[in-house]
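The figures here come from the full heavy-atom set of this structure, side chains too, leaving out hydrogens, waters and symmetry mates. It should be emphasised that the depicted structure is a prediction, and the values quoted were computed from it without experimental measurement. Start at 1 and go down the list; that is how both ligands and their atoms are numbered.
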Amino acid sequence: MKVALVGATGMVGEVMLKVLEERNFPVTKLIPVASEKSVGKTIFFKNEAIEVVSMQEAIDMQPHIALFSAGGNTSLEFAPKFAAAGTTVIDNSSAFRMDADKKLVVPEINAEELTPEDKIIANPNCSTIQLVMVLHPLNKKFGLKRVVVSTYQSVTGTGKNAVDQLNAEISGDADAAKVYPYEIFKNALPHCDVFAEDDYTKEEIKLMTEPKKILGDDSFNLTATAVRVPVQGGHSESVNIEFENDFDIDEIRNILSETPGVTVLDDVQNKIYPMPLYADGKDEVFVGRIRRDRSQPNTLNLWIVADNLRKGAATNAVQIAEYLVKQDLV
Ligand code: 11C
């Protein structure tokens, strides 16, 4: 497969390179693409130095697959051009996620919706992916009625400059360049992405809309509060789920233990629960603190953690690419 990587020098792009290598994706030619100022730089893939090319050069090479992680505006402008040249684009931005004619895919849940006609496929938001990996198996068994999610999101979700801001503040540089409106070290910002409709942030709106599309179910209610915390290893989520039907707590644990891609870490007597420190660099979605909500029937509390750059972005995109190859869709 000829694979273009658009946004190859960004944080997600770098993890995509690593994931393609680790999973031994059948790359015959890797085409790194980045903004004009990075053209001519080199990146390393499988110990080989490869020159970054411009968007047009990459389109002209007619890759089979293009993995995009360069922001929504770049995707809106260039994904259709790759698609017109016959390339299948897997886009990690929010540009196409809610388009009625684009698929929004988490392979463990809905990859079978994909057809050879899908030339632009959307990769969901990171905090959405880890949430739906847990909601999906439980929805099938007990029926979702209402979900309340509060996130504790890693600065890696914002990008390299945010990681630099946190590290500079940790090292005592009070005048560090700020990506966030406030200091992030020793702080928690109830503000991920920009404020949009009804005083919700865009991140919260993604969390309230994308799961319904991925699960193919808009019969349940979902509300979200997204918070940025001074953490680097992954996003955490406190989730309260009301079901249509009652459940047995052991059955919940069994279902989640048997869900591919999900690992249950839930032994509070031994202080075992998911944390970003341990999710960092891993592909699984970790779930723990599984317990009945005492305040009302049919309701569950749990805690989900995943590395937002891996299953939340790069790994999910590469899994989509793997599915396309396996099913002969590219
Ligand atoms: C964050 N979830 O942590 C965002 C990053 O729509 O793909 C990813 C944004 C997106 O801020």
Co-members of the apolar cluster containing L265 [side chain, <4.5 Å]: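 Cluster partners of L265: I272, F286.
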Does the pair R253/E258 count as a salt bridge with the N-to-O cut at 4.0 Å?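 Judged by the 4.0 Å cut-off on N to carboxylate O distance, R253 and E258 do not form a salt bridge.
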Would you call R97-E210 a salt bridge at under 4.0 Å N-O?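 So R97 pairs with E210 through a salt bridge.
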With side chain to side chain contact (heavy atoms under 4.5 Å, CB included) as the test, pick out the partner of L135 among I214, L215, D217.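 Checked I214, L215, D217 against L135; only one passes side chain to side chain contact (heavy atoms under 4.5 Å, CB included): L215.
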Taking distance alone, no hydrogens or angles, what donor-acceptor pairs closer than 3.5 Å link side-chain atoms of residues 38-45 to residues at least two apart or in another chain?
none

Keeping to residues at least two apart or across chains, list the ring pair (Phe, Tyr, Trp, His ring centres under 6.0 Å) pairs with something in residues 65-90.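 Those involving residues 65-90 are F68-F82.
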Anything with a heavy atom under 4.0 Å from ligand 1 counts, so go ahead and list those protein residues by chain and number.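 Lining ligand 1 at under 4.0 Å, by heavy atoms, one finds N92, R97, N125, C126, Q153, G157, E203, K206, R228, H235.
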